[in-house]
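This report refers to the structure that appears directly beneath it.
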Amino acid sequence: MFEILHKQVLAHSIKRWEILAPEVAAKAQPGQFVIIRINEQGERIPLTIADYNRDRGSLTLIFQEVGRSTIEMGRLRAGDKILDLVGPLGQPSKIANYGRVVCIGGGVGIAPIYPITRALKQAGNEIISIIGARSADHLILQREMAEVSDQLYITSDDGSAGQKGFVTDVLQQLLEQGTAIDHIVAIGPLVMMKAVSELSRPYRIKTTVSLNPIMVDGTGMCGACRVAIGSETKFACVDGPEFDGHLVDWEVAQIRSRMFREEEEIAMQHITRGGDCQCHRKE
Ligand code: FAD
Ligand code: FES
Ligand code: MG
């Protein structure tokens with residue numbers, strides 16, 4: 001069992017857990033993820049390791065309540081325990097001194113971009129960060145991102161925080177101004193990562209994205225997370241989750257991410273009708 005040491009509401013429907021998992025914390029690297037299961041009936045939920053504290057033996061997980069399992073997670077409190085936590089999974093981010101790096105985080109994607117940005121800063125890069133959300137009350141980790149960035153741009157769809165518009169508007173402005181950029185890392189919704197990759201492609205700036213397809217086992221055995229990268233099929237859980245954005249087949253990724261939409265909606269109806277976790281019990 002894994003104890004939730006601390007729980008915090010970060011923004012609208014986004015919560016942060018600090019969870020006790022000393023063996024995983026000892027090995028975790030930026031870019032890796034864990035798969036958790038709340039209880040015996042719970043589904044397997046992949047979540048990026050948003051931070052780790054080796055001294056405390058803890059991990060930070062940041063999640064957005066988007067469906068049945070994440071809503072159930074949001075109802076747990078500090079002191080509660082979850083059944084399973086497996087990790088660290090996936091390849092760590094490639095951290096190198098590229099020169100000037102633009103780090104882009106959209107929505108809950110700001111959570112995984114933060115430890116990568118911090119590691120890139122520590123590796124000697126000049127960091128320009130661009131973070132964006134739907135509105136000010138959906139924006140997370142503004143202070144943390146400011147601390148690890150040389151320049152921080154903020155956008156929101158409705159203009160309630162920073163510049164009105166999308167993170168890609170800022171990237172486009174930087175590119176059009178002729179800002180020299182050596183590397184881009186972008187994490188967020190598929191449409192955002194696709195748009196970033198399309199913007200950077202003509203400038204031939206290497207662009208790393210973190211894909212989050214449906215995952216089941218997280219160990220390369222089930223094939224659920226396959227993605228098309230150039231002419232190859234890769235498993236995001238073991239080969240990724242980071243890939244070259246210019247090689248990703250975005251259309252395949254988008255179709256596969258919608259694969260279980262109907263089942264997810266049915267599960268949501270259960271939870272909204274039931275009001276609590278009773279739906280997990282056999283009637
Ligand atoms: P559902 O209603 O079941 O699904 C809503 C949407 O979530 C789906 O349309 C699908 O796009 C996605 N999803 C559902 N099940 C899975 C699954 N088994 N694997 C992957 N995606 C799924 N979310 C965060 O909020 N914070 C994170 O740090 C984070 N990191 C992730 C890292 C990786 C490597 C992956 C693959 C996903 C990550 N996600 C993260 C997404 C998170 O796993 C899903 O939001 C969650 O599983 C949704 O479960 P649900 O039952 O609440 O919603
Ligand atoms: Fe099963 Fe990747 S989740 S192969
Ligand atoms: Mg689900």
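In listed order, ligands and their atoms are each counted from 1.
E43 contributes atom OE2 as its closest N/O/S atom to the Mg ion (ligand 3).
Protein N/O/S atoms closer to atom 1 (Fe) of ligand 2 than 2.8 Å number 2 in this structure.
Counting all heavy atoms, side chain and backbone alike, G105 lies closest to V167 at O-CG1, 4.0 Å. The nearest pair of heavy atoms linking M193 to G188 is CE-O, 3.2 Å.
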Yes or no on side-chain hydrogen bond (donor to acceptor under 3.5 Å, both in side chains) for E65 and T70, after CA distance, side-chain angles and deciding distance? CA-CA 5 Å; E65 296 173 355; T70 44; over 6 Å; no

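Taking a cut-off of under 4.0 Å to the non-hydrogen atoms of L47, the atoms of ligand 1 that pass are 23 (N), 24 (C), 26 (N), 27 (C), 29 (C), 30 (N), 31 (C), 40 (C). Distances below 4.0 Å separate heavy atoms of N212 from the following atoms of ligand 1: 33 (C), 35 (C), 36 (C), 37 (C). Those atoms of ligand 1 with a heavy atom of F63 less than 4.0 angstrom away are 24 (C), 25 (O), 26 (N). Here is the list of ligand 1 atoms found below 4.0 Å of a heavy atom in T70: 50 (P), 52 (O). For ligand 1 and R44, the ligand atoms under 4.0 Å from any heavy atom of the residue are 18 (N).
For H12, the ring-ring contact (aromatic ring centres under 6.0 Å, His included) test picks out H138, with sequence neighbours left out.
A distance-only check finds a donor-acceptor pair linking the side chain of R44 to the backbone of V216 [under 3.5 Å]. In this structure, the side chain of D249 does not engage the main chain of I229 through any donor-acceptor pair within 3.5 Å.
Distances between N or O atoms of F33 and those of ligand 1 include no value under 3.5 Å. Taking any N or O of P112, backbone or side chain, none lies under 3.5 Å from an N or O belonging to ligand 1.
More than 12 heavy atoms of other shown residues, nucleotides or ligands fall within 6.0 angstrom of atom NZ in K7.
Under a 4.0 Å N-O distance rule, the pair R68/E72 qualifies as a salt bridge. Salt bridge K164/D169: absent, no basic N to carboxylate O contact under 4.0 Å. Salt bridge present: R37 and D84 bring a charged side-chain N and a carboxylate O closer than 4.0 Å.
Membership of an apolar cluster is not assigned to V191, as no side-chain contact below 4.5 Å to another ILVMFWY residue is traced.
With atom 28 (O) of ligand 1 as the reference point, the heavy atom nearest to it among I35, L61, T48, V66 is part of T48. Considering each of I187, I214, V216, I14, the one bringing a non-hydrogen atom nearest atom 12 (C) of ligand 1 is I214. Among Q64, E242, E43, the residue whose heavy atom sits closest to atom 25 (O) of ligand 1 is Q64. Closest heavy-atom approach to atom 26 (N) of ligand 1 among the candidates I71, I45, I62: I62.
Among residues at least two apart or in separate chains, ring pair (Phe, Tyr, Trp, His ring centres under 6.0 Å) pairs with a member in residues 33-79 are W17-F63.
Heavy atoms of A111 come nearer than 4.0 angstrom to ligand 1 in no pair at all.
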